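Take a look at the structure set out below.
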Amino acid sequence: MLQVKRIREDKKSIVNGLRKRNWTAQQIKVLDDILKADDERRALQKHIDDLLAENKRLSAQIGQLMAQGKRDEAEKIKSQVAAHKESLRQLEERSDEVKKHLEGLLYTVPNCPHRSVPKGKSAEDNKIFRDWTKPFPSLPPDALAHWDLAKKYNLFDFELGVKLTGAGFPVYRGKGAKLQRALIQFFLEENIKAGYEEILPPHLVNEDTARGTGQLPDKEGQMYVCERDGLYLIPTAEVPVTNLLRDAIVPERDLPIRYTAYTPCFRREAGAWGAHVRGLNRVHQFDKVEIVRIEHPERSYKALMEMVRHVQRLMTKLELPYRILLLCGGDMGFTSAKTFDFEVWSGAQQRWLEVSSVSNFETFQSYRLQLRYRDAEGKIHLAHTLNGSALALPRILAALLENNQTPEGIRLPKSLHKYTGFRMIS
RNA sequence: GGAGGAGUGGCAGAGUGGUUGAAUGCACCGGUCUUGAAAACCGGCGUACUCGCAAGGGUACCGGGGGUUCGAAUCCCUCCUCCUCCGCCA
């Protein structure tokens with residue numbers, strides 16, 4: 001959520017940002033509605049506070065009069081207070097309406113893209129930040145897509161998943177299951193080496209937590225809900241991990257705070273099914289290792305690049321052809337100020353698959369989370385939050401299987417050997 | 001799941017209807033003293049919203065929400081969490 005204060009003080013840059021997200025002049029007018037609603041909110045608040053202050057004073061007087069036995073005078077003041085209370089009731093009712101309205105408006109405004117974010121309407125306008133320049137792996141003419149390789153080597157099974165749960169819940173087995181576990185281990189170890197503290201969070205979260213990172217109310221339809229208990233299945237580790245510091249004030253010297261977490265991710269993906277979703281390209285439950293960073297505002301963009309380089313190293317160690325995209329305003333997520341996407345080349349499908357998204361949210365999340373830090377002078381500021389996948393497993397697995405297939409079997413990259421215990425799937 | 005007890009500032013812990021945003025201690029920050037440190041002493045030390053150029057005000061918050069009252073940390077209702085006992089159980 002954007003801070004109203006920022007809209008008030010720096011409307012011009014926000015307007016520019018929204019234009020990058022292809023907002024029309026008509027849409028941008030919501031900023032004026034927000035300022036208007038906030039003006040009303042403040043005026044009401046002032047009025048309410050003044051009346052409350054008056055009542056407080058009068059109540060103290062009543063206390064004194066009672067103590068002195070001046071009942072009549074006390075009664076007179078009581079009626080005065082009663083009159084104020086009636087006004088207060090009305091003012092508070094109106095104030096609640098205005099606040100709700102204001103919040104509703106604020107929820108519709110996405111984060112303001114950083115000035116380095118390119119304009120653009122869709123994925124086609126994303127800038128290639130780093131391209132793959134080497135030749136792609138040469139595959140045999142009868143190269144199989146990962147879903148066929150899975151059958152051939154008995155690595156995972158969608159039909160069984162349907163039997164147990166439904167479409168999009170694969171059952172991994174044998175070397176497929178072990179490879180999955182090895183990847184998780186590999187990612188976690190690499191992240192820990194890079195200074196991230198490992199977190200193993202709950203996979204179900206309450207409403208406050210879902211609200212903290214903006215899953216509620218924005219993406220309610222994307223989450224699985226346990227209605228009876230008021231809990232949500234996490235769509236990403238970002239949710240529980242970033243919320244660790246909800247309502248917290250950390251000392252400046254503790255920054256940056258770096259977390260990494262493996263969790264399964266549950267996504268309803270309502271309405272997202274169509275072309276290109278075969279096999280592991282899109283599923284309802286998948287595994288992901290996430291990195292989260294809480295940063296000083298002055299260093300968050302440096303941190304973003306560090307995270308990009310870190311994910312890059314992971315890709316290199318996995319020996320996978322990849323490219324990095326700098327997302328344009330039109331393709332960026334609602335909450336992000338700047339995002340880099342990583343795509344891996346799927347040799348058999350002959351297409352790029354997104355495997356990581358690394359973003360700086362600046363204060364968009366921390367405002368709602370009330371995640372702050374205290375500087376050397378004791379002043380409190382909102383921290384910047386960043387996160388990225390390092391990495392999401394299914395498409396990495398797909399690319400590993402497809403790109404490394406040989407007549408003898410599937411060859412695994414060296415960095416994984418110590419985690420898998422085998423070098424080939426055959 | 002059943003019975004009982006408890007939730008107060010970073011921590012410990014007073015406070016059961018009237019100027020208590022909250023005693024006291026510890027921790028922390030600044031100062032005096034000291035060659036330095038410790039001890040001792042003095043002072044400071046919550047967050048959010050809001051008014052003000054500022055100095056400085058105002059309001060709210062004692063697990064969450066609601067209620068009673070002129071007035072609530074204090075009384076009532078409800079939910080949550082923790083502890084003890086019973087039951088169940090990996």
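Below, chain A is the first sequence line, B the second, and so on; all start at residue 1. Here the structure is a predicted model, which is why all the values come from computation and not from measurement.
The separation between A/L88 atom CG and B/A60 atom C1' is 13 Å, rounded to whole Å. Distance NZ (A/K99) to C1' (B/U50): 11 Å, rounded to an integer number of Å. B/U19 atom P lies 10 Å from atom CD of A/Q64, rounded to whole Å. The separation between A/R42 atom CZ and B/C51 atom P is 5 Å, rounded to whole Å. The nearest whole Å value for the distance from the CG atom in A/N55 to the P atom in B/U69 is 14 Å. Rounded to whole Å, the distance from NZ on A/K56 to P on B/G18 is 15 Å. Between the CG atom of A/L52 and the C1' atom of B/A60 there is a distance of 8 Å, given to the nearest Å. Remark: P of B/C49 and CD1 of A/I48 are 16 Å apart, rounded to the nearest angstrom.
Note: A/F364 and A/F334 have perpendicular aromatic rings, judged against thresholds of 30 and 60 degrees for the angle between ring planes.
B/G56 sits 32 Å from B/G65 when the P atoms are compared, rounded to a whole Å. B/A22 and B/C61 have their C1' atoms separated by 12 Å, with the value rounded to a whole Å. With C1' as the reference atom, B/U69 and B/U16 are 15 Å apart, rounded to whole Å. The gap from the C1' atom of B/U8 to that of B/G21 amounts to 11 Å, rounded to the nearest Å. Separation of the C1' atoms belonging to B/G13 and B/A23 is 10 Å when rounded to the nearest angstrom. Across B/U19 and B/G1, the matching C1' atoms stand 48 Å from one another, rounded to whole Å. When the C1' atom is used for both B/A27 and B/G9, the distance is 13 Å, rounded to whole Å. Separation of the C1' atoms belonging to B/C75 and B/G43 is 39 Å when rounded to the nearest angstrom.
Of the N and O atoms on the side chains of A/S13 and A/D10, at least one donor lies less than 3.5 Å from an acceptor on the other residue. Judged purely by distance below 3.5 Å, without hydrogens or angles, the side chains of A/E86 and A/Q90 pair a donor atom with an acceptor atom. Defined by atom type and a distance below 3.5 Å, a donor-acceptor pair is present between the side-chain atoms of A/Q349 and A/N281.
Each of A/K85 and A/Q45 was matched to the nucleotide of RNA chain B holding its nearest heavy atom; the match closer to the 5' end belongs to A/Q45. Positionally, the nearest nucleotide of RNA chain B for A/G63 lies more toward the 5' end than for the other of A/V81 and A/G63.
The partner of B/A6, taking Watson-Crick or G-U wobble pairs whose two distances both stay under 3.5 Å, is B/U81. In a base pair of the Watson-Crick type (N1 to N3 plus N6-O4 or O6-N4) or a G-U wobble (N1-O2 and O6-N3), with each distance short of 3.5 Å, B/G30 is matched with B/C42. If you check B/A60 for Watson-Crick or wobble pairing at under 3.5 angstrom, you find it paired to B/U47. Pair assignment for B/U24 gives B/A12, based on Watson-Crick or G-U wobble hydrogen-bonding distances that are each under 3.5 Å. Nucleotide B/A90 has no partner under the Watson-Crick or G-U criteria, as no pair reaches both atom distances under 3.5 Å. Applying the Watson-Crick and G-U wobble criteria (two distances, each under 3.5 Å), B/A37 pairs with nothing in any strand. Pairing for B/G18 is with B/C70, a Watson-Crick or G-U wobble pair whose two hydrogen-bonding atom distances lie under 3.5 Å.
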Problem - From CA spacing to verdict: side-chain contact (heavy atoms from CB on, under 4.5 Å), A/T213, A/N243 - result: CA-CA 7 Å; A/T213 29; A/N243 269 280; 3.4 Å; yes

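A sub-4.0 Å separation between OP1 or OP2 of B/A48 and a side-chain N or O of A/R372 is present. At the phosphate of B/U50, OP1 or OP2 sits under 4.0 Å from a side-chain N or O atom of A/R41. Contact check, A/R57 against B/U19: no side-chain N or O comes under 4.0 Å of OP1 or OP2.
Residue contacts for A/R374: at a heavy-atom cut-off of 4.0 Å it reaches the sugar-phosphate backbone alone, with no base atom in range. A/I249 comes within 4.0 angstrom of sugar-phosphate atoms only, judged by non-hydrogen atoms across all strands, and of no base. When heavy atoms are screened at a 4.0 angstrom cut-off, A/A53 is found touching the sugar-phosphate backbone but no base atom.
Ring centers of A/H284 and A/F266: at least 6.0 Å apart, outside the cut-off. Between A/F187 and A/Y262, the ring centre distance reaches or exceeds 6.0 Å.
The side chain of A/K46 lies closest to B/C51, out of B/A48, B/G18, B/C51.
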